[in-house]
Amino acid sequence: MKHLLSTADLDAATATEILDIATEMASVSGREIKKLPTLRGRTVVNLFYEDSTRTRISFEAAAKRLSADVINFSAKGSSVAKGESLKDTAWTLQAMGADAVVIRHPASGAPHRLAGWVSGSVLNAGDGTHEHPTQALLDAYTMRARMGRLDGLHVAIVGDVLHSRVARSNVLLLNTLGAKVTLVGPPTLVPTDLSSAVQVSYDLDAVLPQADVVMMLRVQRERMTDSYFPSAREYSRRYGLDGARLRRMPSHGIVMHPGPMNRGMEITPEVADSPRSTIVEQVTNGVSVRMACLYLLLGGRS
Amino acid sequence: MSVVLIKGARILGGDPVDLVLRDGVIAELGPGLRADGATVVDADGLVALPGLVDLHTHLREPGREDAETVYTGSRAAALGGYTAVCAMANTSPVADTAGVVEQVYRLGQEAGLVDVQPIGAVTIGLAGERLAELGAMADSAARVRVFSDDGHCVSDPRLMRRALEYVKAFDGVIAQHAEEPRLTEGAQMHEGEVSARLGLTGWPAVAEESIIARDVLLAEHVGARLHVCHVSTAGSVEIIRVAKARGVRVTAEVTPHHLLLTHTRAESYDPVYKVNPPLRTDADVTALREGLRDGTIDIVATDHAPHAAEDKECEWAYARPGMLGLETALPIVLDVLGDQWDLIAERMSRAPARIAGLDNHGHDLKVGAPANLTLIDPTARWTVEATGLASLSHNTPYAGMTVPGRIVATFLRGVPTVLDGKVQK
Ligand SMILES: [Zn+2]
């Protein structure tokens with residue numbers, strides 16, 4: 001594996017290998033000295049065109065725990081902000097000898113373009129409304145840790161699927177790993193032609209009793225002004241997850257959210273803070289999964 | 001005036017015949033002709049077509065001379081077998097006054113490789129608010145007859161109605177870029193399963209179809225001529241077919257790229273495939289080909305849209321839409337239609353000349369006709385190379401593709417503009 005641009009590039013064996021390596025990495029993270037020498041002398045560049053402190057810190061921690069040299073290249077205040085093109089930036093990174101570039105970008109497909117211009121590995125840390133592969137991998141890791149399996153699990157992904165890179169990466173990866181996916185939301189926000197392998201429902205209450213996992217997506221309030229739905233109140237009433245809805249789920253069912261949450265919009269504080277919620281674990285698992293990805297891309301197994 | 005003797009050309013694929021071009025016209029036509037002092041062109045095995053006419057060309061001058069000029073675009077056109085091109089109005093400044101259209105017209109005359117017929121903007125600055133001085137452009141030295149805000153849709157229905165009505169006074173035609181702007185805000189590619197997967201905002205077919213449906217009704221209501229630019233969907237073909245059956249005076253064009261390529265090209269995220277309207281589905285391609293064969297679609301127009309490298313070598317969403325077309329149009333159409341030479345002449349020469357009101361173009365190759373023609377080697381196949389094209393820009397979507405049909409020679413009023421595949425200026 002040279003790049004990680006889309007979860008569509010992962011077959012079941014490779015995806016499972018990443019999750020297995022992440023399990024080993026998690027045990028390192030539990031040790032007193034949380035460091036492996038694996039990537040000593042290798043350079044990982046975090047190239048972030050969007051503010052996402054959470055994701056950047058997670059990748060930075062992952063690279064540092066593998067002893068890599070980390071360069072944070074924020075688009076803000078740099079030559080990038082002064083209008084340098086992605087291609088020119090790619091040449092700069094190339095000259096710096098970057099072994100891997102972790103890129104977050106507001107334009108879908110930017111990591112694909114970058115991969116054509118640098119010789120190192122490219123890791124997609126979220127591109128526009130396209131994909132966010134490491135988020136899907138950490139979600140799968142979290143589900144497997146909690147539920148013991150992925151094959152045959154029923155996962156409901158609820159909310160603004162249309163604009164969600166998390167949803168896209170999850171649909172592809174969960175299909176590959178044998179889970180059954182139902183997309184839930186208002187018809188304006190759920191594309192019916194995303195994948196032939198998923199179910200689509202506009203009725204959250206009907207889906208909940210069969211859902212082992214409910215993944216709530218962040219819904220931006222701006223969607224209201226674009227008439228995707230009439231009001232935040234109506235959205236919450238129809239598609240928000242509150243205590244009453246949580247109790248419609250099977251007792252073993254879990255609630256996930258990729259963050260950052262709109263408390264009171266798609267999820268109530270009661271649900272977000274309940275023991276059924278995996279939101280904090282997802283953040284912790286993110287570091288282990290990203291360690292596994294860097295390890296595999298930069299000269300580990302496969 | 002030079003004299004040219006063409007030996008053994010197959011007019012529209014017919015039997016070999018000789019032609020003598022003298023004083024700008026076809027002076028003689030028949031077997032075994034001789035002409036003293038003539039430039040002799042051996043056309044053995046070559047097919048002769050009336051010079052091609054492009055109703056939709058972006059030459060970028062004035063304003064973006066780094067992407068294309070009237071001269072470089074004229075070279076590309078001649079190499080593609082064209083003897084006339086209609087230059088779109090979305091330049092900088094916009095061709096919305098007699099002054100700008102006359103400037104473009106003169107630049108075309110100076111280049112002297114093809115007749116450059118300026119298209120005038122419908123509205124001032126392409127802003128879609130107030131009519132430009134259409135009559136002044138019509139009365140100018142450029143004799144503008146086609147008006148278009150191409151790049152933008154004349155979306156205001158009242159303004160569109162007025163424009164259609166107004167140009168009747170000088171037999172003008174409004175060429176509409178059919179795109180309901182509210183349905184395509186932020187749009188990046190055809191809305192469908194590929195856009196859903198790639199996370200690129202969709203450009204729905206209905207945004208084109210709803211405008212065409214409205215416009216054919218408006219044209220019918222006011223009894224005016226409407227031309228639809230770059231038709232791209234099966235639904236649009238159907239609407240135009242019905243309108244023609246009702247007797248609406250509507251004509252339509254399709255581009256070579258919409259006849260050949262589909263939205264799956266976007267999977268590479270390479271903006272060389274970004275174009276407006278976007279590449280669509282296999283079903284749309286099939287319907288467009290059918291419409292072109294049965295006459296629902298009158299012409300092939302290139303929508304030749306050169307862009308500087310920095311506007312294409314970037315993220316998809318930041319790239320400008322458009323692709324080169326002049327030098328590859330005939331090969332693509334030949335690939336799509338096969339060697340139906342009369343049909344190709346109709347769709348690429350006669351009909352576009354009629355729509356544009358270009359009286360000296362689109363004539364059958366007969367004695368007395370203007371000597372505007374092109375010679376093609378139908379058996380030659382060649383591989384498109386982006387840097388091998390004459391255009392200043394390199395944004396061809398066909399790079400690396402092998403296509404049939406090599407344009408060997410082109411003549412404008414009897415003067416060779418291309419000989420042996422090389423521009424003569
Ligand atoms: Zn257009």
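- A distance of 5.5 Å separates OH in Tyr269(B) from CG in Asp127(A), rounded to the nearest 0.5 Å.
- For Arg168(A) (side chain) and Ala196(B) (main-chain N/O), a donor-acceptor pair under 3.5 Å exists by modelled atom type.
- Between the side chain of Arg113(A) and the backbone N or O of Trp316(B), no donor-acceptor pair lies under 3.5 Å.
- Using a 4.5 Å heavy-atom threshold, the side chains of Glu185(B) and Asp226(A) count as separate.
- Only the side chain of His105(A) comes within contact range of chain B, with at least one heavy atom under 4.5 Å from a heavy atom of that chain.
- Heavy atoms from other residues, nucleotides or ligands lying under 6.0 Å from CD of Gln199(A) number 12 at most.
- In this structure, CD on Glu131(A) lies 9.5 Å from CG on Leu198(B), to the nearest 0.5 angstrom.
- For the side-chain contact (heavy atoms from CB on, under 4.5 Å) test with Glu193(B), the passing option among Thr192(A), Leu194(A), Asp193(A) is Asp193(A); the others fail.
- Across Ser108(A) and Leu200(B), no two heavy atoms sit closer than the pair CB-CD2, 3.7 Å.
- Around atom CD of Glu310(B), more than 12 heavy atoms belonging to other residues, nucleotides or ligands sit under 6.0 Å away.
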